[in-house]
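Throughout, a chain's letter reflects where its sequence line sits, starting with A, and its residues are numbered from 1.
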Amino acid sequence: MIDYTSIEEKWQKAWSDAKLFEAEPNEKKAIMITAALPYVNSPQHIGHLRTYSTADFHARYMRMKGYNVLFPMAFHATGTPIISFAKRLRNNDPDILEDFRAFKISEDDIKKMTDPTYIVSYFSNEIKEGMKKAGFSIDWRRQFTTTDPIFSKMVEWQFFKLKDKGLLSQGSHPVGWCPNENNAVGQHDTRHDVQPEIDTMTVIKFREPESNIVFGCATYRPETIYGVTNLFVNEKSTYVVAKVGNERYYIAKDSAAILKYQMSIEIESELKGSDLVGKKAVNPVTNETVVVLPGFFVKPDIGTGVVMSVPSHAPFDYAALERLKASGYQLPAMDYRKIIEIEPLGTGVSIGRSLSDVNVGDAKVEHPEIPALAYLEILHTNPDAIDDMLEFATKLLYREESHWGIMVYGKYKGLKEPEAREQVKKDMMASGDAIELYVLSNEEPVYCRCGARVVVKFVENQWFINYGDAAWKEQARGVFSAIDIVPALMRPAFEKTIDWINLRATERAEGLGTKFPFNPNHIIESLSDSVIYMSFYTISHVLNANNVKPEQLKPEFFDYLFNDMGDADSVAKATGLDAAAVKRCKESIDYWYVNTSRHSGPDLIANHLTMYIFAHVALMAKRFLPKQIVVNGFVLYEGEKMSKSLGNIVPLIDGIKRFGADPLRFVEVAGSSLGTDTDFSPKGVESVKAGIEYIYNAIEDLYKLQSGELMHIDYWLYSKLHSKIKRATKLLDSFELKEAYTDIFYNSIIELKWYLERGGNNKIVVQEFLEGIALMLAPVMPHVAEELWHMLNKESFAATERWPVEDDSLISQGTEKLESMIISTIEDARKAIALTSKIDSNKGKKPIEARIILAAEWKLDAFNELALKKSMQAVIEESRFKNNKEAVAKFLQQFAKNAQSLIELPKISSADMLKSFSEAVPYLSGKLGVKVTIESETASKSQRASRAMPDKPSIDILYG
RNA sequence: GCAGGGAUGGCGGAGUCUGGUCAAACGCGCAAGGCUUAGGACCUUGUGCCUUAGGGCUGCGAGAGUUCAAAUCUCUCUCCCUGCACCA
């Protein structure tokens, strides 16, 4: 058993003592690799390990490739969560106490955590400890925290700069709002952590004749205005007459209470829903007068509590009218006008086509002229259906009409339904017949943690970063096009985010962080303050070493640093900083920040990573713009998302102790393709450990091997090693980590086993093979690789060795092909024995010999010519085949019809083939249990000789 | 709804960019055999369908198309996952 912990500690100490990862500018080419800094409100778990292990792989790999590599780390503490944790701990919130106890945090520490700064220091230390135990090649001298006053100065500079450039703006914006606490609520402020989803509805004004009071009908489908037959209210609810703007509305009392946060509403009087029933109202588009009726499904706290009824296209409306009729209600004459037609498919199918046949079955549509009814029919139901069924029919109808619907009535006849929806809405807004409404579109009402129901509010005079600025966006697009996004698959996600990102609120009333310069009562929102922080690594250790005071970091310093304005002496003068220190900062950023690689998770594409691009575009000299962004997928635990509720979160430090840092890193980094989620399981770790152990043993057993002349199998192992180096290097350069490491690790083990099983016995060959493997493992299994390297009698650090370079002369496709021919010959011979033994003439006899007949040399030549020329005729006509025309033609005939798809085989001489197969005779006969003889086709007397193919010998099984 | 990603065998998951060497890597599961006091571990073989000499057929969410050739390219649809902002 390998003791991972002791190996890890040994090498971590050795690296640290040698200051291996403390990077300073030198004559080598630089690369600075950063990974999203951790948020210090909880311990890290093994899921967090993936991004950092990937970044550390990158750092270690580039180091071995000869780069001067800087891999720094810092801690993120700004924003609301830490403050809110402290507050919840002060209030003895049982949920959070339970969480923190589950993290094995002592009661004493928990007590101290009512102070947010203690939370920050506690978890920074904890996380740093974990990263050290994981063996990351981080230069810790540069560590800082985003709440450091010295760091705040850079953030301040950033915001002055943005304002100067006109990229900040002020305005109002709809947000989820708690009326009780008077605070904006985001996902983490709500019960069950639901994200308040804000959507817009259109409120269409149906005016009551005479009084001119407005029935404000809230709808998602304003285009159905042409099919309105009546209005619905809930007769059991309370309604009010309210002044909204300069008009008076009938709206449900509950709705009024919600809507007052986004529009001025003055309630004048109350009335019952039933009082509204029977009133008349005028359709503002068609000028038809319709009546108000009771609708069973109308909810007083959704929209306005008043809806328009379109029975032809809304199953609920149709059902409500049918139920009224059934209850004996006297309805006026109504025109169930079909205003949207679905374009039929070629087969005549129109509605229900998005359902599978299973669902539709033999349903017959009897009322195609009333789509709302037709959709119920196709679902085998009717207007008496339960609400869920009506809901389903509504969704189905809405989906299909949105896809294939064409307006067949009204001003926008002929237009596709979604376009008509926009046009109708635009027209009505312009003529004052409609207004827009913000609603929470969550299926269930959203509640704040305090218990109050969340509403939509307009907050006024809020500061925003205006990512919508056209010129800025354009520049960002241009810069983005030159950034290397890894994997390239993620590119569209970035492009869309750049297009879509617009105003972003950038100040908050509460939280840790930098004071917002234009409203000192607020702090800068914590995603906005961490978009250029990575540049701070280049100078943080210099600032620390020189005891720089925050107030010395005046704008002149950052202007010089980031935009080359002024010079070191003038900056020193303006700031009181030491000129040498200023110079050192400048040299550092000029050296490191020109070639950067940023690592992160996919969740940050839509915010942090895109904002990172924008911020650099706005604030930094051209040469400091981002060069590469690497995005890795998440980590699952045995196929499931890691979550508190599933109880499957493994804290990082526990995980390292339990699984070993290297096996853990290997599984996460090399276990699946970079961009896809990876599945972690203890079982996966076991198989990695088994592999590591095999390699250990192989090194220990090296002494058993001999040396001597190189055989076919030795050349094969060399070829495998060097083609592996070549392939893996190429793959790793493009971050195809899984593919590369499957080959480097798993395949190498298989190859080594095969080599030994085939009788390979050359110490030098195996030693070289293992050295190559050890070095190539170093970026992901740094401790194990170091250990292996030293077991192979090396004195240097694997971590700083040069990455292996392939020797092309040792790569032989022919040799590898020969070996695979030998392998498949075993299988073929087995089958041949099984089948021939059933032949009557062989009954009662035993196979005694497998005669393996190797194809004549000209066959490979002819085959390859055919693969190249694709024409049998052309091959036969060639002079070298002239003497042998008949045989060549007979041989090639079998490939003729597939000539187009033939692929050339590697060139192997008859002599090599004969030699390699002959060397394999002991192995083959051992495997097959019969005598094996090798002969060439030309020398063979066997009837089957002519069947030999260039890549497949003929096999003749002899019985006796 | 909008945006991004996906759908492959009993399962997980390669292959898709760059169409042909793909009945489909690798792993799990399952079956038979070996080893073992037994179990586990390990090793060998098999694991879509048909086939008495290494062969053939069918297949990669559904449907259509391009091509000599499609898991791979194009179009349409369905379903699943993720994100949608003041929240790190």
Rounded to the nearest 0.5 Å, what's the gap from CD1 on Ile955(A) to CZ on Arg851(A)? Could you check? 13.5 Å
Looking only at atom C1', what distance separates C60(B) and A70(B), rounded to whole Å? 11 Å
Looking at Phe518(A) versus Phe159(A), is the centre-to-centre ring distance below 6.0 Å? no
Looking at every strand, decide which applies to Asn502(A) at a 4.0 Å heavy-atom threshold: base, sugar-phosphate, or nothing. base
Distance in angstrom units between Phe666(A) CZ and C26(B) P, rounded: 16 Å
Quick one: is the NZ or CZ of Arg491(A) closer than 6.0 Å to the six-membered ring centre of Phe480(A), and within 45° of its axis? yes
Against the side chain of Pro492(A), the closest entry in G5(B), A53(B), A85(B) is G5(B)
Separation of atom CD in Glu736(A) from atom P in A14(B), rounded to whole Å: 13 Å
What is the distance, rounded to the nearest whole Å, between atom CD of Glu686(A) and atom C1' of C42(B)? 16 Å
Could you check which of A88(B), G55(B), A53(B) has an atom nearest any side-chain atom of Lys952(A)? G55(B)
Could you tell me which nucleotide pairs with G54(B) by Watson-Crick or G-U wobble geometry, both distances under 3.5 Å, or answer none if nothing does? none
Distance check, C1' atoms only: U8(B) and C2(B), in whole angstrom units. 29 Å
Closest approach to the side chain of His76(A), judged atom by atom: which nucleotide of A53(B), A85(B), A88(B) is it? A88(B)
Under 4.0 Å, heavy atoms only, any strand: does Pro174(A) hit a base, just the sugar-phosphate, or nothing? nothing
Which nucleotide, A85(B), A88(B), A53(B), lies nearest any side-chain atom of Arg944(A)? A53(B)
Audit row: Thr78(A), Ser530(A), side chain to side chain contact (heavy atoms under 4.5 Å, CB included) steps and yes/no: CA-CA 9 Å; Thr78(A) 61; Ser530(A) 58; 6.0 Å; no
Between Arg947(A) and Ala505(A), which has a closest nucleotide on RNA chain B that is more 5'? Arg947(A)
Given the P atoms of C28(B) and G34(B), what is the spacing between them in whole Å? 22 Å
I want to check one thing: is the phosphate of A88(B), taken as OP1 and OP2, less than 4.0 Å away from some side-chain N or O of Thr80(A)? yes
Partner nucleotide of G46(B) by Watson-Crick or wobble geometry (both distances under 3.5 Å): C30(B)
Under 3.5 Å donor-acceptor pair, Arg421(A) side-chain atoms to G1(B) base atoms: no
Could you tell me the separation between the CZ atom of Phe614(A) and the CG atom of Leu162(A), rounded to the nearest 0.5 Å? 12.0 Å
Now, which nucleotide makes the Watson-Crick or G-U wobble pair with C2(B), with each of the two distances under 3.5 Å? G83(B)
Please give the nucleotide sitting opposite C17(B) as a Watson-Crick or G-U wobble pair, both distances under 3.5 Å, or none. none
Within this structure, what is the CZ-to-P distance between Arg491(A) and G4(B), rounded to whole angstrom? 15 Å
Which is it for Leu168(A) and Ile465(A) under the side chain to side chain contact (heavy atoms under 4.5 Å, CB included) test, yes or no, and what are the steps along the way? CA-CA 5 Å; Leu168(A) 296 185; Ile465(A) 299 179; 3.8 Å; yes
note: Ile749(A), atom CD1; C26(B), atom C1'; distance rounded to Å ~ 13 Å
The nucleotide from A53(B), A3(B), G83(B) with an atom nearest the side chain of Ala606(A) is G83(B)
To the nearest angstrom, the NZ-C1' distance between Lys738(A) and A25(B) comes to 9 Å
Residue Ile501(A), side-chain atoms from C-beta onward, closest of A85(B), G54(B), A88(B): A85(B)
Looking at A88(B), I'd like to know if its phosphate oxygens (OP1 or OP2) sit under 4.0 Å from a side-chain N or O belonging to Ser526(A). yes
Taking the P atom of each, how far is A7(B) from G12(B), in whole Å? 12 Å
Backbone N/O of Arg944(A) and side chain of Ser954(A): donor-acceptor pair under 3.5 Å: yes
Tell me the partner of U36(B), counting only Watson-Crick (N1-N3 plus N6-O4 or O6-N4) or G-U wobble (N1-O2 and O6-N3) with both under 3.5 Å; none if nothing fits. none
Just by distance, do the side chain of Gln462(A) and the backbone of Ala505(A) share a donor-acceptor pair under 3.5 Å? no
Roughly how far apart, to the nearest Å, are G9(B) and C17(B) at atom C1'? 25 Å
When rounded to whole Å, the CZ to P distance for the pair Phe745(A) and G27(B) reads 13 Å
Using the C1' atoms only, state how far G15(B) lies from U21(B), rounded to an integer number of Å. 13 Å
For A41(B), which nucleotide in any strand shown is its Watson-Crick or wobble partner with both distances under 3.5 Å? none
Counter-base of U78(B), judged by Watson-Crick or G-U geometry with both distances under 3.5 Å: A7(B)
Proximal nucleotide (of A85(B), G4(B), G6(B)) relative to the Lys496(A) side chain: G4(B)
Please name the nucleotide paired to U72(B) by Watson-Crick or G-U wobble geometry with both distances under 3.5 Å, or report none. none
Pairwise P distance, G20(B) and A69(B) [rounded to whole Å]: 15 Å
On RNA chain B, does the nearest nucleotide to Ile750(A) precede the nearest nucleotide to Asp603(A) from the 5' side, or the other way round? Give the residue. Ile750(A)
Take atom C1' in A31(B) and the same atom in G10(B), then report the distance between them in whole Å. 13 Å
Name the nucleic acid region contacted by Ile955(A), choosing base, sugar-phosphate or nothing; use a 4.0 angstrom heavy-atom cut-off, strictly under. base
Output yes when a side-chain donor or acceptor of Thr145(A) lies under 3.5 Å from a complementary backbone atom of Thr147(A), and no otherwise. no
Leu609(A) atom CG is separated from G4(B) atom C1', nearest whole Å, by 15 Å
Select base, sugar-phosphate, or nothing to describe what Ile605(A) touches, counting heavy atoms under 4.0 Å on all strands. nothing
From the set G4(B), G13(B), A85(B), return the single nucleotide nearest to any side-chain atom of Arg504(A). A85(B)
